[in-house]
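Everything below concerns the one structure shown next.
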Amino acid sequence: MIGFVVTPEIAAAVLAGVEQAMDARGLPHYWSPGSFPIYAGAHAGQAFIPADDAVLATPLHGNPAFAPTDFPEFTTLVALLGGLDARVDIDPSTIIAPE
Amino acid sequence: MSLLYSRIAESRRDTDADAYISAIRTAGATVTAAQRDRINDFIRGEKIASRWDSIKRFYLPIWGVAAANAICLRSLASGTFVGGVTHGAGFVQGDGTTGYFAFSSTPSADSITATSNFQFMLVNQAETGTAVSAQGSGTSFRFRRAFGVSSLSTINSTSLQVCSATIGRASQVGIFAGSRIAAANHAQYQRRTSGFNTLATDLVTNTTVAVPSVAYTAMAQGGTAGFFDAQLGSYGYGLGLSSADTAAFTLAIKNLWEGCTNLTLP
């Protein structure tokens, strides 16, 4: 799965930034990329934020619909994550919570 | 047959339908006259049948836009899509690993009780995964697909007590509904185009498990487990419905979804 691997604190800050972008427009919190704990592998203990091309192209709001990449805040938030080139491809099984 | 919305007399246009249509249009949905008809017909029909007040959360995520898909037809509150979710024409589909939808409510806050509760989901295309998958709130109020053995899977409809049916993977489509109408009366149903069936009944008395106070989620359980990649055209919950009312309600959902999407319920 393609996305960003960051500390839980940075992930929380980015998700808060996404919420703020909706708040600033008077919109409900209808979307979040989400932050998922990594339980295993080299990145265990970090947080994973999904960010493949499909997620970044999610039709969010409006007609025609804006995608995450269309929002002015996108550049700032992605910079917090290290830029698009910082994305990695992780094994999906590493974010499945152990039973 | 649905009447043309524009020709419906003012007295027959439903204000709740108007409000929902206005909300999803503001969010980016394109709503045709035919779709407006269907929505108006559905809501009026549920009110005439005295089921409208029993519906607590009803989502129709067919609009291809996250903000519109997140709006509850019943309450107009917005839930939250998280992670990888495809917003298709007539359905939403999680990626099976991160994508899910969090209702902006909990069953307990929506007056769901131990002796009166109902949950449903419309599955247009069955999931492809083999792991356990779930939709619901906590572990005591949910749908759960378990035991992917060979070509069979067990669908558990849990309303404080488990009501379990085993059906083939290819048959895990259509509208699934679980309804508890009394302490010792819980049943699981399935509607397909071919008909309506009671999959299982459970007559074990159970009122001791607390109604969940955690958010209900679709496409995953709580956003931490049970992710699945089925195509879902509708989902929600409310107060318990009798077998006859469940049959009628699921038929109304079928007609609403098919009329709005031009798809056919499997």
Side-chain angles (χ1 to χ4, degrees), chain A residues 1-5 8 11-12 14-16 18-19 21-23 25-41 47-71 87 89-99, chain B residues 23-31 59 61 63-72 75-89 92-105 129 131-134 139 146 215 217 219-229:
Chain A
M1 297 204 66
I2 295 173
F4 297 98
V5 173
V14 169
L15 264 56
V18 171
E19 288 188 357
M22 288 179 276
D23 289 339
R25 293 166 173 81
L27 299 173
H29 297 166
Y30 59 83
W31 181 81
S32 170
S35 172
F36 300 85
I38 301 176
Y39 297 98
F48 175 75
I49 297 179
D52 62 14
D53 290 346
V55 170
L56 298 184
T58 300
L60 295 182
H61 189 276
N63 194 348
F66 291 103
T69 53
D70 295 322
F71 285 82
R87 289 179 293 176
D89 194 351
I90 68 167
D91 182 345
S93 68
T94 62
I95 62 172
I96 295 175
E99 294 193 18
Chain B
I24 60 174
R25 279 179 162 165
T26 299
T30 297
V31 184
Y59 294 91
W63 308 106
V65 181
N69 285 343
I71 296 173
C72 173
S75 69
L76 301 185
S78 177
T80 304
F81 284 100
V82 182
V85 177
T86 297
H87 296 268
V92 286
Q93 183 175 22
D95 62 5
T97 307
T98 66
Y100 68 97
F101 177 72
F103 291 30
S104 58
S105 59
V132 170
S133 57
T139 59
T217 57
M219 294 179 271
Q221 182 177 313
T224 59
F227 293 90
F228 62 105
D229 64 357

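Bear in mind that the values here come from a model prediction, so they are computed numbers and not experimental data. Every chain is numbered from 1 and lettered A, B, ... according to where its sequence line falls, protein lines coming before strand lines.
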Which atoms of [X] are under 4.5 Å from chain A, going by heavy atoms: the side chain, the backbone, both sets, or neither?
{"X": "B/Ala67", "answer": "both"}
{"X": "B/Ala102", "answer": "neither"}
{"X": "B/Thr97", "answer": "both"}
{"X": "B/Thr26", "answer": "backbone"}
{"X": "B/Phe101", "answer": "neither"}
{"X": "B/Asp95", "answer": "side chain"}

- Query: Is the backbone of A/His29 close enough, under 3.5 Å, to the side chain of B/Thr80 for a donor and an acceptor to pair up by distance?
  - Reply: yes
- Bottom line for A/Ile96: the part with an atom under 4.5 Å from chain B's heavy atoms is neither
- Task: Counting only heavy atoms closer than 4.5 Å, note whether A/Pro33 contacts chain B via side chain, backbone, both or neither.
- Result: backbone
- Item | Leading residue by heavy atom contact count with chain A [cutoff under 4.5 Å; candidates B/Gly84, B/Ser78, B/Ala27] | B/Ala27
- Is A/Phe71 atom CZ crowded by more than 12 heavy atoms from other residues, nucleotides or ligands, each under 6.0 Å away? yes
- For chain B, the option from A/Ala51, A/Pro50, A/Ser32 that forms the most heavy-atom pairs under 4.5 Å: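 Heavy-atom pair counts peak at A/Ser32.
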- Do you know which two heavy atoms are closest between A/Trp31 and B/Gly83, and how far apart they sit?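 Of all heavy-atom pairs spanning A/Trp31 and B/Gly83, the closest is NE1-O, 4.4 Å.
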For a quick test of your reading: what N or O donor-acceptor pairs under 3.5 Å do the side chains of residues 55-64 of chain A make, sequence neighbours left out?
residue	atom	partner	partner atom	Å
A/Thr58	OG1	A/Ala54	O	3.4
A/Thr58	OG1	A/Val55	O	2.8
A/Asn63	ND2	B/Thr30	OG1	2.7

- Item | Heavy-atom side-chain contact between A/Phe36 and B/Val82 under 4.5 Å |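 Yes, side chains in contact.
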